[in-house]
Amino acid sequence: MTVRVRFAPSPTGYLHIGGARTAIYNYLYAKATGGKFILRVEDTDLERSKREYELKQIEDLKWLGIDYDEGPDKPGDFGPYRQSERTEIYLKHAQALVEKGLAYYDFCTDEELEAMKERAQKESRPPHYDGKWRNEQFWEEAQQKLAAGEKAAIRFKVPQKSYVLNDGVRGRVVFPEKMVGDFVLIRSSGLPVYNFCCVVDDVLMKISHVIRGEDHLTNTLRQLMIYEALGANAPEMVHVSLLIGKDRQKLSKRHGATSVTLYQEETYLPQALANYLCLLGWSHPEEKDIFTLEELISVFDLNRFSKSPAIYDMEKLKWVNGQHLRKLSNEELVAQMQTQIPEEHWYHQQTQEWKLNCMELFKEQIELYADILPHLESLKSSEIVKSEKLNDVLSWESTSQIASFLKTELSTLKEEYVTAEIVSGWMDKAKKDLGIKGKNLFMGMRVCLTGVDHGPDLKQLLPLTSIDVLRERVSQLG
RNA sequence: GCUCCCAUCGUCUAGCCCGGCCUAGGACAUCGCCUUUUCACGGCGGUAACAGGGGUUCAAAUCCCCUUGGGAGUGCCA
């Protein structure tokens, strides 16, 4: 059997990191098995669905490195791939179920349903539908009302029996009888409801494996019933554990960034986000924690999911990002920085060589592209960053000597930038002429020329700062 | 309330299905040391967990039951 999996987002907002994670798992499984990955847009909630969200989610998916074989903009043999364009199909199947006596028309108003629920609550019964239309004796009346043009929802007549699900990660799950009441298949507006569309589509699109979040586990009961009513076999179900926040609550905006877009904006690497997301609830057979999706394809399998929910930890994501960042060459880093960093912060007027040197120097210190900003800023700043250590260095007799020495040296230079050789020359000369060495020399130089008590090697750092700025820094100390 | 799911370091997890190789391994974070005359990177090491209680067994993190805790669902949302 060829594997066909799908990711079925609702275009009611931006792509959520939880959604991105299940999309990745589906994508990987398709790739690992040589199957097909389908993108299906579940936009049956007309009120909240927006085309712009659909487009944005697709863009974000692609940004993460996920591509699909069939989808709204990639016609396949099982389209259309947008549920709003399949209304007729759902209607046809729902009517067929009514004809078979497996579903029925329901004319209850919202008020009646509300009253029904309240009554059930008062009598501490489960709030299941128990309206008259469930009863076969009214079905003729229903047909008449329908013929008269009255609006009705189509409700599924839930069989009185228990269902068993063999889930790929949960194992055997038994849903007892009477767990759910008759639920709606088609709204009175004529539009279908999620659980129904989902099953009809999964059957029609020949989906072999459903990999989705555990929040759908209880939905599965309803879906199992629909598969049965439709005379179809249910696909393999794989319910992946959920992502939660530090407070163990469902991941929401107050836990920080929850949409993929935000990570783009914060200059995360797509491969790092994808990498980290895989690590939550799934483990690499060799316990590797840094990999690309490409590398994962050959080892990905459905048996390595963990059952418990995972807390989303931004700290580790950052670390993963840093690991991926360090794998990039200086050339790639420069190219990326051009697009990731606002032009006014980036030294776009600098030579390529300067930029490459800059990357070489700072890439070990950053985890995100945006982390380069303060470093870039420090290159042109003549501000003295006060600290206890810095004051100590400034109090040394040797430091004032170095300051005036540097002042003279700098005044003789015509170039715009110093070189590593010039800096070396200063070191040697200061050692010989002033008799300063060791910590006094190095720290004195550093403080005078950078205004900071720590930082990267001076021979690499100083050539990135213009001599004018160096002069300014030194003069402030003199 | 009812139903379903889950439970190993602070966090992500390995081990669990097929009990003994577990004195419970790795990673993030944290702490210390080394490296770097500074910082960062890197290297080495430390602190740190089988939720609790009962079984079963020669032997339980692993199998069973209960308790507790957490999550999800209970929509004419998806």
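Keep in mind the model is a prediction, meaning the values are calculated, not measured. Naming convention: chains lettered A, B, ... in sequence-line order (proteins, then strands); numbering from 1 in each chain.
- In this structure, A/Glu52 does not pair ionically with A/Lys50, as no charged nitrogen and carboxylate oxygen lie closer than 4.0 Å.
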> In the 5'-to-3' direction, what one-character label does each nucleotide of nucleotides 38-43 of chain B receive under the scheme B = base within less than 4.0 Å of a protein heavy atom, S = sugar-phosphate only, - = no such atom?
Replying inline: BBSSS-
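- Centroid-to-centroid, the aromatic rings of A/Tyr194 and A/His216 come within less than 6.0 Å.
- Atom P of B/G54 sits at a distance of 14 Å from the matching atom of B/U62, rounded to the whole Å.
- Taking the C1' atom of each, B/C2 and B/G20 are spaced 42 Å apart, rounded to whole Å.
- Atom pair A/Lys50:NZ and B/A78:C1' shows a separation of 16 Å (rounding to whole Å applied).
- The closest side-chain donor-acceptor pair between A/Arg304 and A/Ser283 falls under 3.5 angstrom.
- Of the inter-residue distances, the one linking A/Ile154 atom CD1 with A/Leu102 atom CG reads 12.0 Å to the nearest 0.5 angstrom.
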What are the atom names and distances for every N/O pair under 3.5 Å that joins the protein to nucleotides 12-15 of chain B?
{"residue": "B/C12", "atom": "OP1", "partner": "A/Ile311", "partner atom": "N", "Å": "3.1"}
{"residue": "B/C12", "atom": "O2'", "partner": "A/Leu279", "partner atom": "O", "Å": "3.1"}
{"residue": "B/U13", "atom": "OP1", "partner": "A/Gly281", "partner atom": "N", "Å": "2.4"}
{"residue": "B/A14", "atom": "OP1", "partner": "A/Ser283", "partner atom": "OG", "Å": "3.2"}

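- With salt bridges taken as basic N to acidic carboxylate O contacts below 4.0 Å, one links A/Glu228 and A/Lys161.
- Annotation: the span from A/Leu441 atom CG to A/Leu434 atom CG amounts to 8.5 Å, rounded to 0.5 Å.
- Taking a cutoff of 4.0 Å between a charged side-chain nitrogen and a carboxylate oxygen, A/Asp43 and A/Arg48 do not qualify as a salt bridge.
- Taking atom P on both B/G53 and B/C58, the two are 22 Å apart, rounded to the nearest angstrom.
- At the phosphate of B/G70, neither OP1 nor OP2 sits under 4.0 Å from any side-chain N or O atom of A/Gln249.
- Pairs of residues two or more places apart, or lying in two chains, that qualify as side-chain hydrogen bond (donor to acceptor under 3.5 Å, both in side chains) and include a residue from residues 383-403 of chain A are A/Ser387-A/Asp453.
- A tilted orientation is assigned to the rings of A/Phe107 and A/Tyr105, their planes being inclined by 30° to 60°.
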Distance-only check: which donor-acceptor pairs under 3.5 Å involve side-chain atoms of residues 174-185 of chain A, not counting sequence neighbours?
{"residue": "A/Asp182", "atom": "OD1", "partner": "A/Arg134", "partner atom": "NH2", "Å": "3.1"}
{"residue": "A/Asp182", "atom": "OD1", "partner": "A/Val158", "partner atom": "N", "Å": "2.9"}
{"residue": "A/Asp182", "atom": "OD2", "partner": "A/Tyr104", "partner atom": "OH", "Å": "2.6"}
{"residue": "A/Asp182", "atom": "OD2", "partner": "A/Arg134", "partner atom": "NE", "Å": "2.6"}
{"residue": "A/Asp182", "atom": "OD2", "partner": "A/Arg134", "partner atom": "NH2", "Å": "3.4"}

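- For the P atoms, the distance from B/C33 to B/A14 is 34 Å, rounded to whole Å.
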> Given A/Phe7 and A/Phe37, is the ring pair (Phe, Tyr, Trp, His ring centres under 6.0 Å) satisfied, shown in steps?
Replying inline: CA-CA 8 Å; A/Phe7 175 57; A/Phe37 177 48; 7.1 Å; no
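- Using a cut-off of 4.0 Å between Lys/Arg side-chain N and Asp/Glu carboxylate O, A/Arg86 and A/Glu42 are scored as not salt-bridged.
- Separating the CG atom of A/Asn195 from the C1' atom of B/A72 is a distance of 14 Å, rounded to the nearest angstrom.
- Whole-Å rounding puts the A/Leu302 CG to B/C17 P distance at 20 Å.
- Across the strands present, B/C44 finds its partner in B/G32; the criterion is a Watson-Crick or G-U wobble pair with both atom distances under 3.5 angstrom.
- Residues from residues 431-438 of chain A placing a heavy atom under 4.0 Å of any atom in RNA chain B, listed by number, are A/Gly438.
- In this structure B/A7 sits in a base pair with B/U68, meeting the Watson-Crick or G-U test at under 3.5 Å.
- Nucleotide B/G71 holds its P atom 16 Å from the NZ atom of A/Lys246, rounded to whole Å.
- Rounded to whole Å, atom P of B/A27 lies 17 Å from atom CD of A/Glu315.
- Contacts of A/Val320 with the nucleic acid, taken as non-hydrogen atoms under 4.0 Å apart, are absent.
- Between A/Lys307 and A/Leu242, the residue anchored closer to the 5' end of RNA chain B is A/Lys307, taking for each the nucleotide with the nearest heavy atom.
- A salt bridge does not link A/Arg6 to A/Asp201: none of the charged side-chain nitrogens sits closer than 4.0 Å to a carboxylate oxygen.
- Pair assignment for B/A24: none, as no Watson-Crick or G-U wobble contacts are both less than 3.5 Å.
- Pair assignment for B/U74 gives B/G1, based on Watson-Crick or G-U wobble hydrogen-bonding distances that are each under 3.5 Å.
- Spacing between atom CZ of A/Arg170 and atom C1' of B/A72 amounts to 10 Å, rounded to whole angstrom units.
- The pair A/Glu315-A/Lys318 fails the salt-bridge criterion, with no side-chain N (NZ, NE, NH1 or NH2) lying under 4.0 Å from an Asp/Glu carboxylate O.
- Between A/Lys432 and A/Asp428, no side-chain nitrogen of the basic residue sits less than 4.0 Å from a carboxylate oxygen of the acidic one, so the salt-bridge criterion is not met.
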Between the protein and nucleotides 73-77 of chain B, are there any N/O to N/O pairs under 3.5 Å, and if so, what are the atom names and distances?
{"residue": "B/G73", "atom": "O4'", "partner": "A/Thr218", "partner atom": "OG1", "Å": "3.1"}
{"residue": "B/G73", "atom": "O2'", "partner": "A/Thr218", "partner atom": "OG1", "Å": "3.3"}
{"residue": "B/C76", "atom": "O2", "partner": "A/Ser188", "partner atom": "N", "Å": "3.0"}
{"residue": "B/C76", "atom": "O2", "partner": "A/Ser188", "partner atom": "OG", "Å": "3.1"}
{"residue": "B/C76", "atom": "N3", "partner": "A/Ser188", "partner atom": "OG", "Å": "3.1"}
{"residue": "B/C76", "atom": "N4", "partner": "A/Cys108", "partner atom": "O", "Å": "2.9"}
{"residue": "B/C77", "atom": "OP2", "partner": "A/Arg187", "partner atom": "NE", "Å": "2.5"}
{"residue": "B/C77", "atom": "OP2", "partner": "A/Arg187", "partner atom": "NH2", "Å": "2.6"}
{"residue": "B/C77", "atom": "O3'", "partner": "A/Arg187", "partner atom": "NH2", "Å": "3.0"}
{"residue": "B/C77", "atom": "O2'", "partner": "A/Asp45", "partner atom": "OD2", "Å": "2.7"}
{"residue": "B/C77", "atom": "O2'", "partner": "A/Arg48", "partner atom": "NH2", "Å": "3.1"}

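- With both ends at atom C1', the span from B/C66 to B/A7 equals 15 Å, rounded to whole Å.
- Atom CD of A/Gln223 and atom C1' of B/C4 are 15 Å apart (whole Å).
- Comparing the C1' positions of B/A48 and B/U38 gives an interatomic distance of 32 Å, to the nearest angstrom.
- B/A24 and B/G69: their P atoms are spaced 30 Å apart (whole Å).
- In this structure, A/Gln57 places its CD atom 15 Å from P of B/A78, rounding to the nearest Å.
- In this structure, a donor-acceptor pair under 3.5 Å is absent between the side chains of A/Ser10 and A/Asp45.
- The gap from the P atom of B/G46 to that of B/C63 amounts to 30 Å, rounded to the nearest Å.
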